[in-house]
Amino acid sequence: MQQITETKKKSFLSGLTGQILIAMFLGAILGIILHNSISPEATESFSTKIKMLATVFIRLVQMIISPLVFTTLVVGIAKLGDIKTVGRIGGKALGWFFTASFISLLIGLFYVNVLQPGVGLKLAHVDMASASEVTAKTQNLSFENFVEHIVPKSIIEAMATNEILQIVIFSIFFGLAAASLGNSVKPVINALDKISHIVLKMVNYVMNFAPIGVFGAIAAVFAVRDAEELLITYFKFFGSFLLGIGTLWLVLILVGFIFLKGRMVELLKRIVGPLAIAFGTTSSEAVFPKLTEELEAFGVKDKIVSFMLPLGYSFNLDGSMMYMTFASIFIAQFYNVHLDLGTQMAMLLVLMLTSKGIAGVPRASLVVVAATCGMFKIPIEGIALILPIDHFCDMFRSATNVLGNALATSVVGQWEDDKEVEIPSEN
């Protein structure tokens, strides 16, 4: 028994998850040591250079996302067989996504009103220059641009810019057209299936760089940020945010146990690696390929995974949704802008819609927060208040996004399995 336990410990520490956790620890230690021992100019230079490790890893992942989404989604839809099945699964997916988004927004709304982290807060040395870079991106954020953003004018352009939602739209049309042509297009579907397996094999190679990327990302942040000073200054904001995220995790896990029963434990074990990568790199996109593999290994059919995950990455960002209401009202509290409950609920609905149109935008949550502030007459420059702590918040909301999408895909996959079992008994 002792030998088995030692073997498990050894395999965990030598596995990808263990390597990532060790890389996070070493990166934090290195960053803190350099922050306290060399000049600010030197730490800035070090941070810029070491961050390249994370940039290279994320770019390697982005390199394979477009072909992976296209090939797996087309093959999945072709296997689903008809528009009716696609519509049924898509309806379940969107129903889940919007319900989860609404609950996430409500949790953020509840905690920011109860704990009021922005009331009486005094901050100095606010970085307005960085804030202007974020607020500049809000100029094109409107309902018209949201609609235009959904539909690609060129699939080549969409793939080049990794616009997942646009790739999904093209792939759905392509897959449905292929399914309607029957056996004559089987060679094309089989070829795309083989390509998807090649891309998934590439995933295994790319994931070997994950610990290096995480190490670079963590070291870069701690080198230029005084973590202790930030946590003291933003203690109430960050503590309130963590309480909200913790509540959201509890809700998601409880929902998982309701639908998946004991299998929820297995799902959590399988996604520990993707959660650690998302947490370390602050990029839920970085784990898309790995999450695909883990969910299929969990038992979700490939056609469900390939359909649900791309949709989820555009419509089901639970952690980001919770943060958006929290941050928007925090800024209003700081500037003493009174928002009654009706206005806050209107803000919540606006966030539900506008957040769906900015997948792939860097610092997407901040862009939406800035746009929402402007819409409700809250000083838009208030975005600068949360920039210093945003990276640490992003670590938690990225991991939460991964958990939410893994859960949604698993539950819908189980619903479809149950439906297939029921069909013969009706005959």
If you look at every heavy atom in [X] and [Y], which pair is closest and at what distance?
X	Y	result
L403	L268	CD1-CD2, 4.0 Å
A93	L311	CB-CD1, 4.4 Å
I189	A178	CD1-CB, 3.8 Å
G27	I218	C-CG2, 3.7 Å
S47	V224	CB-CG1, 3.5 Å
G244	I107	O-CG2, 3.6 Å

Would you call [X] and [Y] a side-chain contact if the rule is heavy atoms closer than 4.5 Å?
X	Y	value
P152	I169	yes
I329	M347	yes
K269	V265	yes
I378	L339	yes

Pairs where residues 276-304 contributes a residue and the test ring pair (Phe, Tyr, Trp, His ring centres under 6.0 Å) is met, not counting sequence neighbours:
F279-F396, F288-Y313
Of all pairs that satisfy ring pair (Phe, Tyr, Trp, His ring centres under 6.0 Å), the ones with a partner from residues 192-217, not counting sequence neighbours:
none
Could you measure the distance from the [atom1] atom of [X] to the [atom2] atom of [Y]? Nearest 0.5 Å is fine.
X	Y	atom1	atom2	answer
S240	Y234	OG	OH	14.0 Å
L106	M345	CG	CE	5.5 Å
E293	L200	CD	CG	5.5 Å
S101	M324	OG	CE	9.0 Å
S320	N401	OG	CG	4.0 Å
S398	L317	OG	CG	9.0 Å

In a table with atom names and distances, give each donor-acceptor pair under 3.5 Å that connects a side chain of residues 110-121 to protein atoms at least two apart or in another chain.
unit_1: Y111; atom_1: OH; unit_2: T247; atom_2: OG1; d: 2.7
unit_1: N113; atom_1: OD1; unit_2: Q344; atom_2: NE2; d: 3.2
unit_1: N113; atom_1: ND2; unit_2: L109; atom_2: O; d: 2.7
unit_1: N113; atom_1: ND2; unit_2: Q344; atom_2: OE1; d: 2.7

Is the centre of the F392 ring less than 6.0 Å from the centre of the F241 ring?
no
Could you check whether K303 pairs with E416 (Lys NZ or Arg NE/NH1/NH2 to Asp/Glu carboxylate O, under 4.0 Å)?
no
Applying ring-ring contact (aromatic ring centres under 6.0 Å, His included), can you list everything that pairs with [X], at least two apart in sequence or on another chain?
X	answer
F326	F237
F46	none
F259	W96, W415

Do [X] side-chain atoms and [Y] backbone N/O form a donor-acceptor pair below 3.5 Å?
X	Y	answer
T325	M322	yes
D394	D390	no
S66	M159	yes

When you check the side-chain N and O atoms of Y323 and D318, is any donor under 3.5 Å from an acceptor?
no
Does the side chain of S306 come under 3.5 Å of the side chain of D302 through a donor N or O and an acceptor N or O?
no
With sequence neighbours left out, write down each residue that passes salt bridge (charged side-chain N to carboxylate O under 4.0 Å, His left out) with D193, or none if nothing qualifies.
none
Sequence neighbours excluded, the answer for salt bridge (charged side-chain N to carboxylate O under 4.0 Å, His left out) partners of E294 is R270, K290
Listed partners of N405 passing side chain to side chain donor-acceptor pair (under 3.5 Å), at least two apart
N316
Under the criterion side chain to side chain contact (heavy atoms under 4.5 Å, CB included), I'd like the reasoning laid out for I29 against F222: C-alpha separation, chi angles, the key distance, then a yes or no.
CA-CA 8 Å; I29 294 297; F222 279 93; over 6 Å; no
Per-pair distances, 0.1 Å, donor-acceptor, side chain in residues 30-45, under 3.5 Å, sequence neighbours excluded:
unit_1: H35; atom_1: ND1; unit_2: A223; atom_2: O; d: 2.9
unit_1: N36; atom_1: ND2; unit_2: I32; atom_2: O; d: 3.1
unit_1: S37; atom_1: OG; unit_2: I33; atom_2: O; d: 2.7
unit_1: S39; atom_1: OG; unit_2: A42; atom_2: N; d: 3.2
unit_1: T43; atom_1: OG1; unit_2: S39; atom_2: O; d: 3.4
unit_1: T43; atom_1: OG1; unit_2: P40; atom_2: O; d: 2.7
unit_1: S45; atom_1: OG; unit_2: K49; atom_2: NZ; d: 3.0

Crowding at CZ, F235 (>12 non-hydrogen neighbours, <6.0 Å)
no
I'd like to know whether CZ of F25 has more than 12 heavy-atom contacts from other residues, nucleotides or ligands below 6.0 angstrom.
no
Walk me through it: do I258 and M264 pass the test side chain to side chain contact (heavy atoms under 4.5 Å, CB included)?
CA-CA 9 Å; I258 291 171; M264 184 63 190; over 6 Å; no
Do any side-chain atoms of residues 51-64 form donor-acceptor pairs under 3.5 angstrom with protein atoms, and if so which ones, sequence neighbours left out?
unit_1: T55; atom_1: OG1; unit_2: K51; atom_2: O; d: 3.1
unit_1: Q62; atom_1: NE2; unit_2: E285; atom_2: OE1; d: 3.1

Pair L267-L295, side chain to side chain contact (heavy atoms under 4.5 Å, CB included): steps then yes or no
CA-CA 8 Å; L267 176 64; L295 289 174; 3.8 Å; yes
Where do F70 and I195 land on the side chain to side chain contact (heavy atoms under 4.5 Å, CB included) test, with the steps shown first?
CA-CA 10 Å; F70 174 70; I195 292 173; over 6 Å; no
Set of side chain to side chain contact (heavy atoms under 4.5 Å, CB included) partners for T48, sequence neighbours left out
none
